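None of these values were measured; they are calculated from a predicted model. Values below: all heavy atoms of this structure, side chains included; hydrogens, waters and symmetry mates excluded.
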Amino acid sequence: MQITGMLHGARLLHFVGFPATEVLGPAASEEDIKALIDKYGLVFIKPVFKGGIGKKGKAGLLGRASDLKTALAEKERLYFAEHQVGHVKAKANGVTFEAGVPAKHEVYFSISDSTRFRAPTMTLTHMGGMDIEELDKTQVATVPFDPLTGLKAFVVANALTEIGAPKEIISPLVQQLPKLWELFHDFGMTTLELNPIRMREDKKGRLTPVACDFKCGFDRDDPRWLRLGLPPHLFAADYSDFEQEINTLRTHQGQSDVYVINDKGTVLAPTFGGGANSLVTEMLGDDAIISSDFGGNPPYEKMKEVARICFKHWLKQANVLFIIGGKSNNTDIFETLRAMADALREHFSQHGPTPLYVVVGRGGPNLVRGMGALRDTCDALGLPYRLFGFDSDMSEVIQFARKINAWMKDGGREQVAARLGIQAPAAA
């Protein structure tokens with residue numbers, strides 16, 4: 001759940017009074033664009049991508065213009081630009097026009113929750129405007145601080161002094177950067193990054209830090225982000241009907257994190273827990289339809305609705321329904337599996353049976369009752385199944401699901417269909 005760019009970033013920074021460059025959105029008129037150019041002399045044109053995807057500048061997805069004709073040409077080039085980093089692909093839907101900020105100094109700043117220090121951690125360097133990984137470690141300050149006291153001015157001052165930052169930028173940064181802790185802490189963020197912050201000089205030679213790019217990530221299960229009034233569509237990974245439906249179920253209790261990996265896959269794997277999700281996604285590869293994390297002790301009603309949406313979109317093409325997660329500490333396994341069993345029964349009742357093999361691997365409170373409820377449903381529907389408890393190795397359970405998927409592709413689907421008394425529809 002991320003926001004990138006100044007279109008929304010400038011508004012968020014306004015909450016805490018941190019200076020930001022002037023920004024126009026995709027709906028800006030030609031008169032507005034020309035007025036921005038006349039005022040600042042230079043504008044940058046940047047594509048607006050859903051979610052976070054990096055290295056746009058290196059890919060040539062950054063335009064600059066000092067006249068209206070060039071600005072409109074860059075708008076046409078970038079409005080629906082496509083960008084790929086690794087396996088992640090994104091398509092823009094609009095552009096922003098951002099005022100140029102002349103400056104001699106550029107600064108990188110971020111706050112994140114550090115697993116190394118077990119504390120919020122500030123990363124700061126006066127060599128901004130570039131990938132921080134490319135800098136020498138002596139030029140970068142990484143400083144954990146106490147969340148109870150927050151990011152104090154002396155923490156910023158000491159960090160800048162230790163890395164040898166120019167003296168003229170220290171005082172303005174010490175005045176402004178602590179404001180960003182308010183934004184990070186008060187609205188449930190997990191990361192906040194400004195790169196670059198450009199040190200703009202006024203007529204009297206005084207410097208003011210101005211944010212020229214923005215990135216942040218939220219803990220969406222922390223309800224404080226709702227106070228920002230952000231549009232819900234910002235947090236869908238894609239525009240697919242499935243992901244949009246799942247995203248409407250976000251609540252303070254229970255995750256609904258989902259991403260379509262392969263819409264032609266044959267293993268539907270509702271997963272519980274981030275660690276399980278990583279392992280399942282890696283081992284199933286292209287066989288997996290979705291990558292998901294539905295943990296966090298979801299109540300019965302929410303879990304049933306999540307399962308209903310998953311089944312509606314993907315069950316017809318799936319060979320294996322693979323319900324997998326680690327050993328839970330607080331998730332009620334009975335409520336989770338009972339909800340999924342009821343959703344499965346209702347799906348068969350409304351849409352008819354489909355050849356399916358159910359594989360479950362879980363641990364946690366009320367495990368036996370939960371597996372009993374799912375077993376009874378599979379028996380009633382005539383579906384083959386295999387249940388693995390808390391003492392099973394997760395990687396071996398995943399390998400079993402892969403073998404079942406291979407068997408289903410090699411004639412097993414037809415055998416299950418014959419058992420159900422139907423003709424097997426072709427898997428996707």
Side-chain angles (χ1 to χ4, degrees), residues 1 219-223 226 232 235-236 241-259 267-277 280 289-316 318 320-351 353-354 356-383 385-390 394 397:
M1 179 173 167
D219 176 1
R220 194 162 181 184
D221 296 303
D222 184 334
L226 294 168
F235 306 117
D241 293 340
F242 170 66
E243 286 162 320
Q244 291 289 346
E245 282 192 68
I246 290 291
N247 269 278
T248 64
L249 299 177
R250 298 301 308 211
T251 67
H252 70 281
Q253 185 176 355
Q255 285 100 253
S256 298
D257 301 315
V258 66
Y259 179 78
V267 178
L268 177 59
T271 307
F272 298 82
N277 176 40
V280 169
I289 300 173
I290 62 173
S291 170
S292 61
D293 180 2
F294 297 134
N297 196 23
Y300 171 87
E301 293 78 9
K302 178 177 179 178
M303 193 65 243
K304 184 180 177 183
E305 184 65 8
V306 166
R308 184 194 67 79
I309 294 170
C310 290
F311 297 161
K312 181 182 77 170
H313 286 274
W314 306 115
L315 204 63
K316 184 177 180 180
V320 181
L321 173 59
F322 185 31
I323 303 170
I324 183 69
K327 183 178 179 181
S328 168
N329 293 320
N330 68 330
T331 296
D332 189 330
I333 307 301
F334 173 62
E335 290 297 303
T336 299
L337 295 185
R338 181 171 71 95
M340 300 186 80
D342 289 349
L344 184 62
R345 184 186 299 108
E346 291 181 8
H347 181 88
F348 271 49
S349 175
Q350 294 171 7
H351 303 282
T354 183
L356 189 69
Y357 199 114
V358 179
V359 180
V360 180
R362 280 247 63 181
N366 294 320
L367 174 65
V368 175
R369 289 182 66 202
M371 287 189 167
L374 188 61
R375 175 205 61 196
D376 292 345
T377 297
C378 290
D379 285 339
L381 298 177
L383 296 178
Y385 58 89
R386 180 68 65 88
L387 310 179
F388 295 87
F390 66 90
M394 186 180 295
V397 178

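Within 6.0 Å of atom NZ in K312, more than 12 heavy atoms from other residues, nucleotides or ligands are found, so the atom counts as buried in its surroundings. The number of heavy-atom neighbours closer than 6.0 Å to CZ of F390, taken from other residues, nucleotides and ligands shown, is 12 or below.
You'll find the side chain of L268 stays beyond 4.5 Å of the side chain of L356, heavy atoms only. Two residues are said to be in side-chain contact when any heavy atoms from C-beta on lie closer than 4.5 Å; M340 and F294 fail this criterion. F348 is listed as a side-chain neighbour of T354, based on a closest heavy-atom distance under 4.5 Å. Side-chain contact check for V359 versus V267: every heavy-atom pair is 4.5 Å or farther apart.
Counting only distance, with no hydrogens or angles, the side chain of N297 and the backbone of D332 share a donor-acceptor pair below 3.5 Å.
Applying the side chain to side chain contact (heavy atoms under 4.5 Å, CB included) test between F322 and each of V397, I289, V358 identifies V397 as the sole match.
The two residues G325 and A276 come nearest to each other via the heavy atoms CA-CB, 4.0 Å. When all heavy atoms are compared, the tightest approach of G363 to I333 is O-CD1, 3.7 Å. Residues P270 and S292 share a closest heavy-atom pair of CA-OG, 3.7 Å. When all heavy atoms of A343 and A307 are compared, the pair lying nearest together is CB-CB, 3.7 Å. The minimum heavy-atom distance between I290 and A269, with the atom names listed, is CG1-O, 4.3 Å. Scanning all heavy atoms of the two residues, the minimum distance from A373 to A341 falls at O-CB, 4.1 Å.
Distance check: I324 CD1 to M394 CE gives 5.0 Å after rounding to the nearest 0.5 Å. A distance of 8.0 Å separates NE2 in H313 from CZ in R308, rounded to the nearest 0.5 Å. With rounding to the nearest 0.5 Å, the separation of CG in D342 from CE in M303 is 12.0 Å. A distance of 9.0 Å separates CG in L383 from CG in L321, rounded to the nearest 0.5 Å. Here the CG atom belonging to L367 is positioned 8.5 Å from the CZ atom belonging to R362, to the nearest 0.5 angstrom. Expressed to the nearest 0.5 Å, how far CE of M371 lies from CG of N366 amounts to 12.5 Å.
By the ring-ring contact (aromatic ring centres under 6.0 Å, His included) test, F388 pairs with F400, sequence neighbours left out.
In this structure, E301 does not pair ionically with K304, as no charged nitrogen and carboxylate oxygen lie closer than 4.0 Å. Note on R338 versus E335: salt bridge recorded, some NZ/NE/NH1/NH2 to OD/OE distance being below 4.0 Å.
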